[in-house]
Amino acid sequence: MMNLNPKQQEAVETIEGSLLVLAGAGSGKTRVITHRIVHLIEQAGVPPWKILAVTFTNKAAGEMKSRVEATLDSELRTSSPLISTFHSLCVRILRRNVESLNAGYTRNFTIYDQDDQVRLVRQIMKELDIDDKSLTARQALGAISSAKNRGTLPAAYANQGEHVTERNERIARIFKLYEERLKKANAFDFDDLLIRAVELLRRVPEVRQYYHDRFRHVMIDEFQDTNGIQYDLAHLIAVGSARKDGAVNPAGFWHERSLCVVGDIDQSIYSFRGSDFNIILGFQHDFAGTKIIKLEQNYRSTQTILDAANKIIECNRQRLPKTLYATEELGQGEKIGYYQAYDAEGEARFVTDRIADHQRQTPDLRSVVLYRTNAQSRLFEEALRRRGIAYNIVGGFSFYDRAEVKDIIAYLKLAMNPRDDIAMARVINSPPRGIGKTTIDVLQSKQRDLGVSLWETVELAVANRAVGPRATSALEGFTHIIKGLGDRVVEAQPLSEIVRAATLDTGYVRSLEEEKTVEAEGRLLNIEELVTAAVEAEEHGESLQDFIDHAALVSDTDQYKADARVTLMTMHSAKGLEFPIVFIVGTEEGLFPHSRALASEEDLEEERRLCYVAITRAQQQLYITHAMQRRIFGEEDVTEPSRFLNELPLELMQNLSSGPSWLGFAERPETRHNREAAAAMRSESPRPVKKTSNYAGKTYNSVEGVREFFKRRSGSGAETQPSRTERPKSREAGADSAASGSGSQFRVGARVKHEKYGTGVVLRTEGAGEDAKLTISFPGYGQKKFVAKFVSLEKA
DNA sequence: TTTAGTACACTTTTT
DNA sequence: GTGTACTAAA
């Protein structure tokens with residue numbers, strides 16, 4: 001590890017008082033935090049357990065933990081600093097002390113993840129007879145979550161704002177029941193974990209004092225992403241009082257005590273989740289005498305990449321001026337590769353080709369594909385798989401999201417906490433055991449009358465023979481299974497034993513085995529994997545409770561494998577990571593920036609910050625791509641290039657697109673240069689990177705290319721229509737001039753002028769000669785179709 | 001009660 | 001394109 005620069009050093013050695021480190025991307029932020037922890041322990045003699053470092057993701061926490069462990073002198077490792085996410089910290093606090101809240105929760109509470117929350121809201125909406133398209137469970141949940149984070153109570157919800165709308169009134173009703181149900185189920189949702197922990201620290205002085213006394217040194221990473229409640233929590237621990245009690249700064253307060261927050265406003269990308277970068281802006285006012293250290297020296301990226309990042313972020317108004325400086329030795333670096341694809345498939349093909357290229361050159365160079373939405377991953381996965389390139393995907397469906405895994409976890413949750421209605425509803429009839437819709441309806445209406453948990457309702461129903469004999473015996477069978485699992489828990493059987501029992505005693509595995517389908521096979525494998533995970537957790541000394549908590553709190557980003565050579569993930573997940581090669585894909589208006597962010601300036605700036613985060617992940621080479629058309633919801637849509645492309649200086653980019661492309665390359669003097677450069681790169685391989693590559697020639701010369709060409713000639717349909725990005729194929733096939741019978745000006749990719757619609761780009765040609773059908777995209781008018789002989793077009 | 005088949009709604013981003 | 005929710009038939 002290289003030495004610390006003076007500013008980093010200062011941050012490491014400031015171990016008393018409040019400290020705000022404004023750390024630009026790649027400025028060695030994690031290094032500063034880890035060194036600071038090690039410094040506290042080794043130089044200042046602080047016992048490790050008095051140190052608390054909070055991060056946002058398990059991934060970041062894990063990374064920090066292992067770095068500290070690696071750096072720390074093993075003799076001093078008598079205890080460990082607590083390095084944890086906000087959520088895990090809260091679970092820890094609550095598991096220890098919920099009962100002193102006297103709010104009816106017990107320490108074996110369950111955590112409802114998003115899926116559980118949606119199920120609960122759906123159930124409530126059904127009960128309240130709220131069933132129309134204008135309010136989905138997800139929307140209601142979103143409204144409830146943000147209300148909870150603002151501290152709004154259900155009773156106050158309908159009255160907020162100017163007037164009571166019907167929608168708000170309905171949400172308020174759902175909200176009220178939702179909170180009641182959670183409490184009855186002895187369950188916390190993600191928001192509750194924070195809210196209740198804060199409430200606990202606020203209301204119970206002994207508990208607050210315990211944590212305040214224990215954690216003399218508190219550090220918070222990614223501080224720009226904290227929300228009000230998280231800040232409250234940190235404040236309660238670090239200061240020992242609630243935030244609104246005013247600034248506490250009695251003399252000597254900071255003796256052997258510190259609060260160090262690290263963040264970067266330009267990387268604030270979670271405001272949709274309630275994070276508020278005004279907190280970081282207000283920090284120095286909340287804590288008089290705060291020392292501020294700015295880290296602007298970037299150790300990660302080339303000058304070109306940093307120039308691009310700086311230029312993009314300068315377009316934002318809401319920020320503090322900051323410029324990243326590259327280190328000398330990394331130099332200017334390669335230009336940013338720009339590629340305009342015809343469609344999303346072409347984009348994926350380009351990226352895959354490039355990756356193959358880089359891998360041939362330098363096998364262990366890591367690359368990452370960054371997209372805005374998880375849905376974009378599919379095409380890249382397919383393209384990579386076709387090419388036989390191994391990849392690691394982060395996000396989307398995580399292991400713990402799989403139905404079978406959740407089912408087994410639900411059995412375990414139920415064994416721990418029979419009041420967990422959602423878990424119960426989930427598994428009461430899976431595998432099918434004869435407890436069908438009718439029975440469940442009866443049970444639920446009974447439950448409503450009784451006002452008890454589903455579990456108790458079932459016990460009563462069985463005792464009173466309230467349902468038919470078949471259903472009764474089925475219900476008895478079910479409760480017997482759960483009780484059996486509960487007994488194992490009480491007997492403190494080994495974790496792996498209990499998990500195994502949850503897969504076997506419940507009949508889950510048997511039922512899957514009987515299915516004898518490919519899907520069932522896959523599910524069985526997942527269940528096996530879950531058991532393996534339990535065995536491992538047991539070896540780490542985890543309890544069943546830990547194991548279940550883990551399943552609820554792991555995030556998708558935790559699947560990130562640092563050594564994977566190719567990684568696919570969202571730009572959000574990429575925060576905090578770095579890669580030699582980065583592809584930013586799908587830079588199209590409506591996708592990135594996302595359509596949901598176009599309405600307000602603030603949201604747009606957040607998208608821009610996301611762009612900044614994405615760019616600054618790159619160490620050596622950055623590629624930015626977009627497609628001219630893309631399927632959205634299965635519908636083909638013509639796209640418009642992202643405004644962010646316009647904000648990048650052209651001189652930093654090189655055009656790798658095959659034909660004329662958007663981005664003003666066509667209009668600017670350097671166009672020819674760029675285009676020639678691109679062409680030269682393909683055929684002559686002037687750059688060393690291309691030398692050993694057969695990508696440009698051979699691949700496109702292949703039989704497939706020729707076949708592709710003939711397919712197009714026969715006009716067999718849109719999906720076989722090669723894009724202009726594929727034109728090298730036809731060119732290599734020596735058939736360029738014959739490619740389109742309707743004349744060269746109507747080739748795909750040609751720019752044409754229409755008297756009414758102005759200048760457009762030919763997207764697609766079908767058929768040949770004067771009967772050819774042309775699909776042309778006109779900015780501002782969208783996609784238009786013409787028959788060649790009926791339209792007058794000029795070459796533009 | 002279960003299952004198979006079809007309509008449908010859906011996509012930001014995550015602890 | 002895809003996963004889920006509802007409906008009709010076994």
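Here is how names work: the chains are called A, B, and so on, in the same order as the sequence lines, proteins then strands, and each is numbered from 1. This is a predicted model, so every value here is computed, not measured.
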Taking 4.0 Å as the cut-off, does a side-chain nitrogen or oxygen of Thr570(A) come that near to OP1 or OP2 on dT14(B)? yes

Under 4.0 Å between a side-chain N or O of Asn374(A) and OP1 or OP2 of dT14(B)? yes

When the ring planes of His87(A) and Phe190(A) are compared, do they come out parallel, tilted or perpendicular, using 30° and 60° as the limits? perpendicular

Evaluate the ring planes of Tyr623(A) and Phe583(A), with Trp represented by its six-membered ring, and classify them as parallel (under 30°), tilted (30 to 60°) or perpendicular (over 60°). parallel

Looking across every strand, which nucleic acid part, if any, lies under 4.0 Å from Phe272(A) by heavy atom: base, sugar-phosphate, or nothing? base

With stacking defined as ring centroids separated by under 5.5 Å and planes differing by under 30°, is Tyr270(A) stacked against dT14(B)? no

Is the ring pair Phe272(A)/Tyr270(A) parallel, tilted or perpendicular, if the boundaries are 30 and 60 degrees? tilted

List the atom of Arg596(A), the atom of Asp603(A), and the distance in Å for their closest heavy-atom pair. O-OD2, 4.0 Å

Same-atom distance (P) from dT13(B) to dT4(C), integer angstrom: 16 Å

Could you report the tightest heavy-atom contact between Asp225(A) and Ser268(A), atom names first, then the distance? OD1-CA, 3.6 Å

With ring centroids as reference points, do Tyr371(A) and Phe592(A) lie under 6.0 angstrom apart? no

Side-chain N or O of Asn58(A) less than 4.0 angstrom from OP1 or OP2 on dT15(B)? no

Do Glu636(A) and Arg631(A) meet the salt-bridge criterion of a basic N to acidic O distance under 4.0 Å? yes

Below 3.5 Å is the cut-off: list the nitrogen or oxygen pairs between protein and nucleotides 5-10 of chain C, distance only.
residue	atom	partner	partner atom	Å
dA5(C)	OP1	Arg122(A)	NH1	2.7

Anything under 3.5 Å between a protein N or O and an N or O of nucleotides 4-9 of chain B, put it in a table, one pair a line.
none

Would Glu647(A) and Arg643(A) pass as an ion pair if we require N to O under 4.0 Å? no

At a heavy-atom distance below 4.0 Å, what parts of residues 421-442 of chain A sit against DNA chain B? Asn429(A), Pro432(A), Arg433(A), Gly434(A), Gly436(A), Thr438(A), Thr439(A)

Got a sec: does the CZ of Arg510(A) have more than 12 other heavy atoms crowding it under 6.0 Å? no

Tell me whether the OP1 or OP2 atom of dT2(C) has a side-chain N or O from Arg378(A) closer than 4.0 Å. yes

For the side chain of Arg138(A), counting heavy atoms from C-beta on, which of dT14(B), dT1(B), dT11(B) is nearest? dT11(B)

Whether Glu605(A) and Arg319(A) form a salt bridge (side-chain N of Lys/Arg under 4.0 Å from carboxylate O of Asp/Glu) is what I want to check. no

Hey, are Asp115(A) and Lys406(A) close enough for a salt bridge, meaning a charged N less than 4.0 Å from a carboxylate O? yes

If you check the Ala375(A) side chain, which of dT15(B), dT13(B), dT11(B) turns out closest? dT11(B)

